[in-house]
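Step one of this worksheet: look at the structure below.
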2 protein chains.
Amino acid sequence: MLSYNAILRPELEQWSFTETAFHSLAQGKCESVMSLGNGYMGLRSATEEAYIGATRNLFVNGTFNRFDDLEVTELPNAADVTQVELMIDGKRFSLDTGTVTEYERTLNLRDAELTRAFIWKNAEGKRVKFEFKRFVSMQDLHLIGLKIRLTPLDEGIHLRLASGINAQVSNSGSQHFHEGEKRIFDKKYLQLVQTTTESKVDFVLSALHRFWIDGVSSDPEPLMEIERRKMEMAYSFDLKVGQTLEMHKLIQVHTSRDADVPDSVNLDSLRKHSLQALQQSETSGYDQLFLLHQQAWAAIWDRYAFEIDSKNGFDLLALRFAIYHMMVMTPMHDRRMGIGAKGLSGEGYKGHSFWDTEIFILPFFIYSDPKIARTLLEYRFLGLEGARRKAKENGYEGAMYPWEVAWPSDGEVTPVWGAVDVVTGKQTKIWSGFIEQHITSDIAYAVWHYYQASGDQQFMDEYGYEMIFDTATFWSSRLEWNEENSRYEINEVIGPDEYKEHVNNNAFTNYMAHFNLQLALGYYDELKERNPELLSRLDASLNLQARAPQWQEKADAIYLPQPDERGIIAQDDTYLDKQILDLTPYKAQAKVGTLFQDYSLDQVNEMQISKQADILMLFYLLENRFPRELKRANYDYYEPKTLHDSSLSFSTHSILASDFDDEQLAYELFRRAAEIDLGPHEHSSDAGIHAASLGGIWQCVVMGFAGARMLDGQLHLHPKLPEAWERLSFPLYWKGAKLQLSIRKERLEIQTEDKNEVRLVLFGKKVSFTGQLQFELIHI
Amino acid sequence: MLSYNAILRPELEQWSFTETAFHSLAQGKCESVMSLGNGYMGLRSATEEAYIGATRNLFVNGTFNRFDDLEVTELPNAADVTQVELMIDGKRFSLDTGTVTEYERTLNLRDAELTRAFIWKNAEGKRVKFEFKRFVSMQDLHLIGLKIRLTPLDEGIHLRLASGINAQVSNSGSQHFHEGEKRIFDKKYLQLVQTTTESKVDFVLSALHRFWIDGVSSDPEPLMEIERRKMEMAYSFDLKVGQTLEMHKLIQVHTSRDADVPDSVNLDSLRKHSLQALQQSETSGYDQLFLLHQQAWAAIWDRYAFEIDSKNGFDLLALRFAIYHMMVMTPMHDRRMGIGAKGLSGEGYKGHSFWDTEIFILPFFIYSDPKIARTLLEYRFLGLEGARRKAKENGYEGAMYPWEVAWPSDGEVTPVWGAVDVVTGKQTKIWSGFIEQHITSDIAYAVWHYYQASGDQQFMDEYGYEMIFDTATFWSSRLEWNEENSRYEINEVIGPDEYKEHVNNNAFTNYMAHFNLQLALGYYDELKERNPELLSRLDASLNLQARAPQWQEKADAIYLPQPDERGIIAQDDTYLDKQILDLTPYKAQAKVGTLFQDYSLDQVNEMQISKQADILMLFYLLENRFPRELKRANYDYYEPKTLHDSSLSFSTHSILASDFDDEQLAYELFRRAAEIDLGPHEHSSDAGIHAASLGGIWQCVVMGFAGARMLDGQLHLHPKLPEAWERLSFPLYWKGAKLQLSIRKERLEIQTEDKNEVRLVLFGKKVSFTGQLQFELIHI
């Protein structure tokens with residue numbers, strides 16, 4: 001369905017992808033993968049005209065609301081501003097009727113512009129040319145622009161165009177908003193207010209329409225309709241053959257959580273601000289606003305400039321797709337907000353943040369834009385409040401991070417009920433919020449990772465040490481003494497593999513908890529030496545003098561599962577004893593989760609079936625704790641038992657394959673990771689794009705093919721380009737310096753404008769340089 | 001669009017109407033006018049397959065809920081059970097694609113059955129025959145049945161049928177339900193629970209699907225999906241050419257407000273009951289269940305047997321249409337519930353009851369089924385609690401009935417904000433809940449009307465006197481003394497004509513208040529004589545000894561506007577001084593309310609423009625207070641100034657025209673009343689059918705053409721058949737006796753099985769008879 005054929009848009013080779021035919025049964029795909037945004041808000045790309053099966057979403061980051069006590073907080077779906085009803089000669093225009101030629105819907109990643117064009121012939125044989133454009137401004141975070149052009153090709157048409165602001169939308173039925181005031185100013189400016197029911201966040205949406213016929217301003221008298229939760233303007237035109245009607249719709253979106261609007265918590269002042277902003281946008285005009293947006297994106301692409309000379313143009317496109325979506329979904333403007341597991345592109349996972357951010361997405365920012373990485377970690381610092389509450393509620397100490405988080409102080413927001421169990425006919429209980437506990441050490445790991453790569457001491461002093469110390473305190477309260485084996489264990493958990501619930505001593509969880517404890521101990525000792533004043537300040541609130549010996553005791557005696565005679569580390573205490581099922585038929589399915597048409601989660605729990613990388617993820621994160629042969633043996637054991645039902649799975653496997661020098665496998669898995677959203681499966685992205693997988697795509701390239709890795713505080717590089725690739729070039733930030741890497745099979749170049757000496761480990765050898773490094777690769 | 005052509009269904013002449021072509025732009029029409037129900041619940045007739053613009057509604061009477069403090073309570077839209085997705089050869093079936101022949105959608109009023117049939121040829125030229133049937137059982141109030149038959153005519157097809165229970169629906173965006181438990185029993189029985197958010201009414205919906213191929217039971221293994229607020233089963237079939245697949249879907253609907261289910265407030269017990277009821281339905285099977293439903297309707301038509309020999313078959317159909325809808329919308333089973341202004345056929349007016357019930361619909365029940373009339377009045381008796389609260393809140397005494405009422409004890413539930421004002425761009429304020437006060441005397445009038453016609457003394461003793469006394473007390477506290485004119489006035493009100501807000505001395509309001517006061521005085525005196533014990537009991541709670549003199553004082557000095565030199569009674573103090581606008585262009589519009597595209601309500605307020613009969617309604621209700629010439633003069637003055645923007649207007653004008661012996665005008669206005677829902681205007685019924693207008697249709701015939709009227713406690717008859725009518729026959733209940741009237745232009749027959757003597761006033765002459773009366777009419 002999606003075409004990456006450069007022939008369609010030669011000027012946008014590897015910058016765009018195109019839908020070449022419209023299928024109303026699979027709208028979710030393009031709605032998600034072509035969604036627009038700017039970190040402040042995300043706009044799902046539903047078509048202007050309505051279809052059954054369309055999902056119209058507009059999310060503003062951080063505006064969480066809870067529908068009722070039985071549901072968890074989620075990002076509310078704000079009023080729709082993109083639907084435009086086009087009545088041609090009294091009939092509603094729809095691609096399901098008539099015939100369509102020259103159809104193209106394209107997301108231009110370079111300009112972050114969605115375009116759609118086609119010629120439609122109605123049942124009476126009249127042809128009309130349609131062109132649509134849309135952008136969510138990266139320059140003015142509150143601005144959405146829509147443009148429609150219509151030209152009758154055979155004879156004149158009567159057109160009735162109805163467009164407005166529609167707050168009848170909901171989150172799959174849950175309505176998060178009070179109906180607010182609706183107002184039309186000067187028969188032109190629409191303004192609709194919505195306030196969330198529980199969190200009381202005000203939304204103000206203002207919109208206007210302007211019209212031109214053959215370039216001449218032609219705004220007709222509108223017919224105004226205000227219904228329940230909805231306001232609309234209808235405009236009528238008689239277009240002669242060959243005349244082009246152009247409509248611009250400009251929309252301003254504001255909420256009382258806006259930090260950039262003075263006095264945004266005052267609704268009157270917010271409404272005034274919104275109207276003024278709309279009037280200013282009108283003065284600039286669509287084309288000028290789009291130009292400023294284009295410039296903002298040019299600066300982004302300049303910063304993240306990637307080049308790949310590959311036999312497959314798709315590779316670079318996939319990488320740009322990943323970077324594009326990480327830009328549109330990341331709240332770079334406000335540290336009180338995180339990244340949703342589906343970004344801002346769909347209702348899936350309710351806008352909540354998971355370990356996806358720290359383990360899959362954060363590395364991109366750590367090495368590409370450390371300021372943003374820091375913002376994301378500060379979000380977790382603000383989350384300490386909720387994490388401490390969660391620990392207390394569960395009878396633990398320190399900071400027990402929520403498995404899912406929304407507004408930072410909200411604490412745990414994982415829903416409790418999931419899909420149907422085929423055996424009992426009941427909904428299955430989601431245990432992650434209770435027992436998927438590795439998130440806490442994942443966050444400690446991310447703090448350490450950021451610090452090591454950036455050298456941002458100020459961040460550590462203000463935020464990082466506190467997070468690491470208090471997560472260690474959680475673990476030391478969480479560990480359970482097993483008298484029989486004289487060791488500390490972690491029982492009743494879910495590891496990264498969510499198809500194993502209520503397991504004991506999940507290796508990933510235990511090793512990462514151990515890492516977290518050791519990290520705290522190390523920093524505690526270091527601060528005693530280097531900054532006793534800070535330590536004493538932290539001690540006052542965190543009671544470190546009492547905690548540190550406990551960390552030590554627990555770290556010394558925690559059970560760290562060891563390899564068996566085959567070199568296999570058990571994923572948990574019972575995994576290796578369970579029944580093995582041939583997964584071939586399920587792995588061959590395009591759709592994930594098909595296993596559950598045949599087995600219940602309880603049944604899967606009793607078999608050697610993994611959803612995703614579990615212990616393999618451990619080998620990646622703590623790579624120098626495990627020998628290479630052990631990793632390979634475990635890869636060969638676990639991969640056939642892994643369904644890759646999580647989008648987090650392929651990229652981890654790809655990077656490990658790179659580590660094993662299995663470049664072909666690594667490349668194949670990179671492609672599969674890239675195809676989670678961009679591939680042919682029609683429904684994979686219905687609930688939104690897979691945010692973690694986007695970070696994973698970047699990691700496949702930079703951690704995998706370029707072999708970049710932070711080990712013991714040093715930057716390691718060990719490039720292993722895929723066979724199809726001639727050259728890979730990208731920027732990488734290390735300890736505050738921007739390094740521009742250019743990797744060919746036979747040569748590696750690194751340039752920096754930084755004055756300081758750069759030190760790194762190249763193919764296992766320590767190297768240092770200033771300005772530029774060239775390195776010839778001689779293959780053995 | 002609608003056809004009443006007997007040729008389509010000769011066996012159902014004047015019993016059915018048919019949509020002969022499907023128009024997705026005007027779905028609201030058939031959804032409403034073909035809606036099904038049984039007083040317990042109402043099911044809007046949206047098509048099984050989904051279309052843009054469809055409105056899927058299922059309402060259960062009396063289950064009101066308030067979304068938030070900013071909204072008023074309304075009937076919540078329960079989960080949808082009628083949508084069925086049909087995928088044929090991998091493409092979604094839709095009448096918007098392919099070609100359709102032999103299309104018919106018919107509401108059979110006799111059997112209360114909705115059928116739809118057509119042959120559809122898909123884009124590839126394959127033809128498939130479709131047949132749909134649906135009923136909402138009149139025998140089992142909780143049962144809905146759906147039947148689908150599909151036959152491929154040219155070659156085999158692959159069919160995927162997905163159907164379930166979908167609670168993602170809302171009331172135009174307002175979600176009234178918590179998401180409740182969803183459960184599948186035995187891979188067959190779906191059960192979904194919803195609980196209203198504020199009133200905490202539990203809904204339990206249970207459903208099953210059964211399949212036959214060419215009559216052979218063929219239930220395939222379903223694919224089960226449970227999503228948010230939604231559960232669905234998908235079934236796949238390969239149908240050979242000529243094979244017929246038949247699906248039956250049976251649905252049981254229960255709520256914790258059910259009075260007929262033991263322990264319905266216990267959710268567990270309600271769920272069990274619902275599942276058992278579904279399993280019992282399964283045992284009976286669709287066809288048997290339909291038969292029982294048919295029998296229940298046969299009994300209804302037997303009771304309300306109407307015959308009209310008219311040149312226009314439409315006339316009898318219109319009457320049956322009115323009776324059908326009054327049956328499906330009236331909660332005959334539960335006196336805690338009223339009749340919504342749109343019945344149970346749409347979201348319009350939120351399921352609230354207005355004076356529409358007492359003044360427009362109640363007469364039908366008073367004269368056709370007095371038990372139901374009593375139930376509806378007992379609903380108002382239960383509403384005394386809210387009425388007394390409203391009086392108190394407004395600084396008055398007694399019972400001030402709410403302009404809109406929902407659950408009886410809720411009191412006033414009129415919303416505060418309405419449509420957009422074209423001048424200010426703001427929403428207009430709805431004043432009815434504050435100042436449209438005539439509802440209180442309308443209810444007192446209805447009590448009196450019922451009592452006079454039925455002679456139900458027990459009702460009066462238990463409920464009626466209390467209602468009449470306490471409403472009189474309201475009026476006596478409401479009247480304002482005008483010192484200058486030495487009279488009591490009622491200022492700052494809205495009369496029946498809602499285009500005049502904040503007027504003083506609306507004639508209708510003043511005269512009806514006076515009527516209410518006099519009624520109370522009369523009954524007070526009567527009870528003193530006849531039943532002092534009851535009076536003393538009522539006195540204890542209503543303080544009658546102190547009130548009665550006040551009633552007298554106010555009744556004596558209330559200002560009752562008198563005719564001017566032209567014989568015109570001013571609608572209110574200032575109406576006659578206002579500017580006159582030529583309404584011809586607006587009266588020619590098919591759509592109501594078009595005036596407001598040009599003028600704001602404030603502007604209309606300052607012109608001699610009426611929405612509906614106002615003073616003319618007074619002439620009808622208190623007909624023997626006003627001489628005929630005065631009525632005619634006022635009719636001629638006010639009608640040209642009346643837009644008939646209310647559906648309550650035509651029938652009142654028609655009856656008055658009958659009174660003036662203007663039979664042609666009366667007939668024309670009867671047709672216009674009947675065409676409010678059944679006529680050609682595509683959008684008139686979008687928000688639901690016009691309940692009051694249905695009662696009005698019946699009144700046009702019985703009060704108008706048959707000239708039946710209760711005057712001074714006596715039944716008057718003065719038939720004036722329209723020119724097109726040869727005969728009119730119908731039953732009429734009077735003082736407990738059923739009279740069967742048969743009216744021809746030249747002869748009148750009345751039969752009764754009642755043993756007692758029947759007394760009535762025929763053409764102004766007192767007549768009495770036993771058993772049968774024949775009366776030859778000689779025209780002068």
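Bear in mind that the values here come from a model prediction, so they are computed numbers and not experimental data. Quick note on labels: first sequence line is chain A, next is B, and so on, each numbered from 1.
At a 4.5 Å heavy-atom cutoff, the contact between Ile52(B) and chain A is made by backbone and side-chain atoms alike. Using a 4.5 Å cut-off between heavy atoms, Glu71(B) touches chain A through its side chain atoms alone. The parts of Ser24(B) that come within reach of chain A are both its backbone and its side chain, each placing non-hydrogen atoms under 4.5 angstrom from that chain. Within the 4.5 angstrom heavy-atom criterion, only side-chain atoms of Glu347(B), from C-beta onward, approach chain A. Contact of Lys91(B) with chain A is made through the backbone alone, with heavy-atom distances under 4.5 Å. Contact annotation for Asn171(B): both backbone and side-chain heavy atoms come within less than 4.5 Å of a heavy atom of chain A. For Met231(B), no part sits under 4.5 Å from any heavy atom of chain A, backbone or side chain.
Judged by the 6.0 Å and 45° rule, Arg229(B) forms a cation-pi pair with Phe67(A).
Tyr586(A) and Tyr599(A) have perpendicular rings, their planes meeting at more than 60° on a 0 to 90° scale where under 30° would count as parallel.
Using a 4.5 Å heavy-atom cutoff, the side chains of His178(A) and Lys200(A) are in contact.
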Walk me through whether Phe22(B) and Tyr51(B) qualify under side-chain contact (heavy atoms from CB on, under 4.5 Å). CA-CA 11 Å; Phe22(B) 178 71; Tyr51(B) 295 96; 3.6 Å; yes
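Using a 4.0 Å cut-off between charged side-chain N and carboxylate O, Glu124(A) and Lys121(A) make no salt bridge.
Options Gly180(A), Ser174(A), Gly53(A) differ in how many heavy-atom pairs under 4.5 Å they form with chain B, and the most are formed by Ser174(A).
No donor-acceptor contact under 3.5 angstrom links the side chains of Thr97(B) and Ser94(B), judged on distance only.
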